[in-house]
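Values below: every heavy atom of this structure, side chains too, minus hydrogens, waters and symmetry copies.
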Amino acid sequence: MILYTFISCKPLIGKCYQRIVDMMRKLNNQHFIIVVGGFEHTEFSEKDHILKLNCNDYYEGLPEKIIKTYDFINRHERFNMYTHFCKLDDDMVINHLIPVETITDYCGDVCYVTEGPLNELGRRYHINRCSKNSKFNKTKYLGEYVPWCLGGSGYILSRKSLSILSNGKNYYNEIYEDLYVAKLLERKNIYPQIYPNLAKLVSPIIG
């Protein structure tokens with residue numbers, strides 16, 4: 001069974017919450033949570049499907065938010081029924097539910113670009129997207145690249161992968177949460193695999 005995990009933030013939750021709730025109701029699926037950061041205490045409302053996290057809620061806080069989300073899910077019995085987890089941004093539309101039979105440990109829209117002009121553009125993508133006081137806001141990414149599942153397209157993790165990620169500790173030194181996920185999993189010999197036709201199942205809102 002898949003838990004659909006929508007990553008949001010305080011400035012956007014008011015715009016996306018009801019849309020996500022209505023969409024999941026139409027799909028006849030209540031296996032989802034919506035994650036928001038910037039709270040003093042971490043707590044989960046099962047009724048509202050909202051996970052409030054004590055974490056940085058700005059762009060540079062995405063690696064922390066992702067790891068703390070997976071850690072919370074991994075540690076709470078409420079989520080033990082789920083074998084897989086689909087990470088989605090809060091502007092994503094689920095056109096069709098994902099068949100669990102076709103999922104690997106880590107799959108999605110895989111990017112293999114590790115060198116060249118696109119790599120250099122990626123190293124600067126976050127600049128001026130972070131909070132003003134962030135150390136990343138004027139500094140390009142200098143870390144390594146490995147093949148990764150693009151976060152903006154959504155990706156899927158197994159319980160095994162989620163358990164590995166829940167132990168991530170170095171998120172304060174990372175800026176791209178989807179790349180950080182891939183680096184952590186690669187250390188355990190789990191590599192991204194292309195999920196065919198993912199764009200037909202989940203896609204960003206157009207317009």
d(Asn189 CG, Ile164 CD1) to nearest 0.5 Å is 9.0 Å

How close do Gly151 and Glu177 get, heavy atom to heavy atom, and via which atoms?
CA-OE2, 4.5 Å

Under 3.5 Å: donor-acceptor pair, side chain of Lys68, backbone of Asn54:
yes

Side-chain polar contacts of residues 90-100 - donor-acceptor pairs under 3.5 angstrom, sequence neighbours left out - could you list them?
unit_1	atom_1	unit_2	atom_2	d
Asp90	OD2	Ser8	OG	2.7
Asn95	ND2	Lys200	O	3.4
Asn95	ND2	Ser203	OG	3.1

Should Tyr112 and Ile194 count as side-chain neighbours, where that means a heavy-atom distance under 4.5 Å?
yes

Out of curiosity, Leu162 CG to Thr83 OG1, how far, rounded to the nearest 0.5 Å?
11.0 Å

Does Ile2 form a side chain to side chain contact (heavy atoms under 4.5 Å, CB included) with Ile103? I'd like the steps, not just the answer.
CA-CA 10 Å; Ile2 300 174; Ile103 302 173; 3.4 Å; yes

Closer than 3.5 angstrom, by distance alone: can the side chain of Arg129 be matched with the main-chain N or O of Tyr58 as a donor-acceptor pair?
no

Do Asp105 and Ser161 meet the criterion of a side-chain donor-acceptor pair at a distance under 3.5 Å?
no

Minimum side-chain heavy-atom gap Cys149-Tyr106 below 4.5 Å:
yes

Partners passing salt bridge (Lys or Arg N to Asp or Glu O under 4.0 Å) against Arg159 (at least two apart in sequence or in another chain):
none

Under a 4.5 Å cut-off applied to non-hydrogen side-chain atoms, are Ile33 and Ile73 in contact?
yes

Go through the structure and list residues passing side-chain contact (heavy atoms from CB on, under 4.5 Å) with Asn28, not counting sequence neighbours.
none

For the pair Ser158 (side chain) and His84 (backbone), establish whether a donor and an acceptor sit closer than 3.5 Å, ignoring hydrogens and angles.
no

Mind checking whether Thr104 and Ile156 have side chains closer than 4.5 Å, heavy atoms only?
no

Side chain Tyr17, main chain Asp48, donor-acceptor under 3.5 Å
yes

With a 4.5 Å cut-off on side-chain heavy-atom distances among I, L, V, M, F, W and Y, is there a chain of contacts connecting Tyr191 to Leu184?
no

Would you say Glu40 has more than 12 foreign heavy atoms packed within less than 6.0 Å of its CD?
no

In the single-linkage hydrophobic clustering (I, L, V, M, F, W, Y; side-chain heavy atoms under 4.5 Å), do Leu12 and Met23 co-cluster?
no

Take Tyr180 and Leu62, measure what side chain to side chain contact (heavy atoms under 4.5 Å, CB included) needs, and give me the verdict at the end.
CA-CA 10 Å; Tyr180 183 46; Leu62 281 170; over 6 Å; no

Expected output: side-chain Glu60 to main-chain Ser134 donor-acceptor under 3.5 Å:
no

Tell me, do Glu174 and Leu179 make a side-chain contact under 4.5 Å, heavy atoms counted?
no

Cys55 and Gly37 have their tightest heavy-atom pair at SG-CA, 3.8 Å

Starting from the C-alpha separation in whole Å, work towards a yes-or-no answer on salt bridge (charged side-chain N to carboxylate O under 4.0 Å, His left out) for Arg25 and Asp22.
CA-CA 5 Å; Arg25 184 180 295 119; Asp22 292 344; 3.0 Å; yes

With sequence neighbours excluded, tell me which residues meet ring-ring contact (aromatic ring centres under 6.0 Å, His included) with His31.
Tyr82

Please report the interatomic distance CG(Asp109) to CG(Leu150), rounded to the nearest 0.5 Å.
5.0 Å

Could you tell me which residues satisfy side-chain contact (heavy atoms from CB on, under 4.5 Å) with Lys52, sequence neighbours excluded, listed by chain and number?
Phe39, Glu43, Ile50

From Tyr4, Phe6, Phe32, residue fulfilling ring pair (Phe, Tyr, Trp, His ring centres under 6.0 Å) relative to His49:
Phe32

For Lys160 and Ile190: C-alpha separation, side-chain torsions, deciding distance, then whether side chain to side chain contact (heavy atoms under 4.5 Å, CB included) applies.
CA-CA 10 Å; Lys160 175 182 176 182; Ile190 296 177; 4.0 Å; yes

Check for a donor-acceptor pair, side chain of Tyr171 on one end and backbone N or O of Ile66 on the other, with a separation under 3.5 Å.
no

Does a sphere of radius 6.0 Å around NZ in Lys183 hold more than 12 heavy atoms from other residues, nucleotides or ligands, not counting ones at 6.0 Å or beyond?
yes

Whether the Asn173 and Lys135 side chains hold a donor-acceptor pair (N or O, under 3.5 Å, no angle test) is what I'd like checked.
yes

Decide yes or no on side chain to side chain contact (heavy atoms under 4.5 Å, CB included) for Val181 and Trp148, but give the supporting numbers first.
CA-CA 8 Å; Val181 163; Trp148 78 100; over 6 Å; no

Who pairs with His126 by side-chain contact (heavy atoms from CB on, under 4.5 Å), at least two apart in sequence or on another chain?
Tyr59, Cys130, Phe136, Tyr141, Ile175, Tyr176

Looking at Val36, is its backbone amide N or carbonyl O close enough to the side chain of Lys10 to form a donor-acceptor pair, meaning the two atoms are under 3.5 Å apart?
no

Over all heavy atoms of both residues, which pair between Ile34 and Ile20 is shortest? Give the atoms and the distance, please.
CD1-CG2, 3.9 Å

Nearest 0.5 Å, please: how far is CZ in Phe44 from NE2 in His76?
10.0 Å

Over all heavy atoms of both residues, which pair between Ser153 and Val202 is shortest? Give the atoms and the distance, please.
O-CG2, 3.7 Å

Over all heavy atoms of both residues, which pair between Val35 and Thr5 is shortest? Give the atoms and the distance, please.
CG2-CG2, 3.9 Å

To the nearest 0.5 Å, how far apart are OG1 in Thr102 and CG in Leu201?
8.0 Å

What about Leu142 and Ile127, same hydrophobic cluster or not, with Ile/Leu/Val/Met/Phe/Trp/Tyr joined at side-chain heavy-atom distances under 4.5 Å?
no

Tell me the closest heavy-atom pair linking Lys65 and Asn56, and the distance in Å.
CE-O, 4.1 Å

